[in-house]
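Naming: A, B, ... by sequence-line order, numbering from 1 per chain.
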Protein chains: 2
Amino acid sequence: MNNRLRELRTARGWTQADLADQLDVSRQTVNALETGRYDPSLPLAFKLARLFGQRIEDIFQDDPQP
Amino acid sequence: MNNRLRELRTARGWTQADLADQLDVSRQTVNALETGRYDPSLPLAFKLARLFGQRIEDIFQDDPQP
DNA sequence: CCGCACTGTCAAGTGATCTTTACATCGCCG
DNA sequence: CGGCGATGTAAAGATCACTTGACAGTGCGG
């Protein structure tokens, strides 16, 4: 699952630690999401969507597996 | 996190097992989601949104925690 | 050159999200 | 009554989503 987290974060001039603070998660978690090591939980995806003012579907792109 | 899964499923005349088959998960997982025992992973939330033709935000309602 | 902020990653641990198997309850129909 | 489809739940186990703590690499300003 691809995402636009790095783009959205850097556009706001935030560090990974800045974003982590606002999400109440660790910096390592933000890094893991940006580098695609795993997907966020649904509650964390909601937090991200609220924070960036976008829909979950506009931040995360599901690869359609046939 | 509340959701409208039961409403959406029964409106289509599907059983929990029917839905589970379409999602490639177990019937117990569908039951656990409907009864609110845990939230789906983000990929599973995407599958549900696609299947029901709705946005994730319209199926799952985040409780705003102050 | 040195320090510092930022990023990437690892290891080990915890709790959440799944799995399979199993069983109990309910309502309905023959 | 007896069986059956649908639902709810439990236990045990795999894997994923997170944590803390640590360390290494990069780039920039003093």
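- At a threshold of 4.0 angstrom between heavy atoms, the contacts of B:S26 include nucleobase atoms, whether or not backbone atoms are also involved.
- The nucleotide whose nearest atom lies closest to any side-chain atom of A:R37 is, among C:dC18, C:dT7, C:dC10, C:dC10.
- For A:T35, taking side-chain heavy atoms from C-beta onward, the closest of the listed nucleotides C:dT9, D:dT9, C:dC18 is C:dT9.
- The residue B:T29 sits close to a base: some heavy atom pair falls under 4.0 Å.
- Of the candidates B:D18, B:L48, B:L19, B:L51, B:R9 forms a side chain to side chain contact (heavy atoms under 4.5 Å, CB included) with just one, namely B:L19.
- Comparing B:D39 and B:Q28 against DNA chain C, the residue whose closest nucleotide sits nearer the 5' end is B:D39.
- Rounded to whole Å, atom P of C:dT17 lies 11 Å from atom CZ of B:F60.
- Residues A:F46 and A:I56 meet the side-chain proximity criterion, which asks for heavy atoms closer than 4.5 Å.
- Following rounding to the nearest Å, A:W14 (CH2) and C:dA5 (C1') show an atom-to-atom distance of 19 Å.
- Between the P atom of D:dC18 and the CD atom of A:Q16 lies a distance of 15 Å, rounded to the nearest Å.
- Between B:V25 and B:L33, every side-chain heavy-atom pair lies at or beyond the 4.5 Å cut-off.
- For D:dG8, one of the phosphate oxygens OP1 or OP2 lies less than 4.0 angstrom from a side-chain nitrogen or oxygen of B:R6.
- Contact between the side-chain N/O atoms of B:S41 and the OP1/OP2 oxygens of D:dA17 is not found at any separation under 4.0 Å.
- The CZ atom of B:R12 sits 19 Å away from the C1' atom of D:dA6 (whole-angstrom rounding).
- Look at CG on B:L33: it is 12 Å from C1' on C:dA16, rounded to the nearest Å.
- When distances run from any side-chain atom of B:T15 to the nucleotides D:dT7, C:dC18, C:dT7, the shortest one goes to D:dT7.
- Of the possible polar contacts, one joining the B:R12 side chain to the B:L8 backbone as a donor-acceptor pair under 3.5 Å is found.
- We find that CG of A:L5 is positioned 12 Å from P of C:dG8, with the value rounded to whole Å.
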Report the C-alpha distance between A:I59 and A:F52 in whole Å, list the side-chain angles of each, state the deciding distance to 0.1 Å, and finish with yes or no for side-chain contact (heavy atoms from CB on, under 4.5 Å).
-> CA-CA 9 Å; A:I59 300 180; A:F52 288 130; 4.3 Å; yes
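- For C:dG8, the base has a donor-acceptor partner in the side chain of A:R27 [N/O atoms by modelled type, under 3.5 angstrom].
- Between B:N31 and the phosphate of D:dT7, there is no side-chain N or O to OP1/OP2 separation shorter than 4.0 Å.
- Position along DNA chain D of the nearest nucleotide to B:D18 versus A:V30 favours B:D18 as the more 5'-ward residue.
- Straight-line distance from the NZ atom of A:K47 to the C1' atom of D:dC18: 12 Å, rounded to whole Å.
- In this structure, CZ of B:R9 is placed 12 Å from C1' of D:dG8, rounded to the nearest angstrom.
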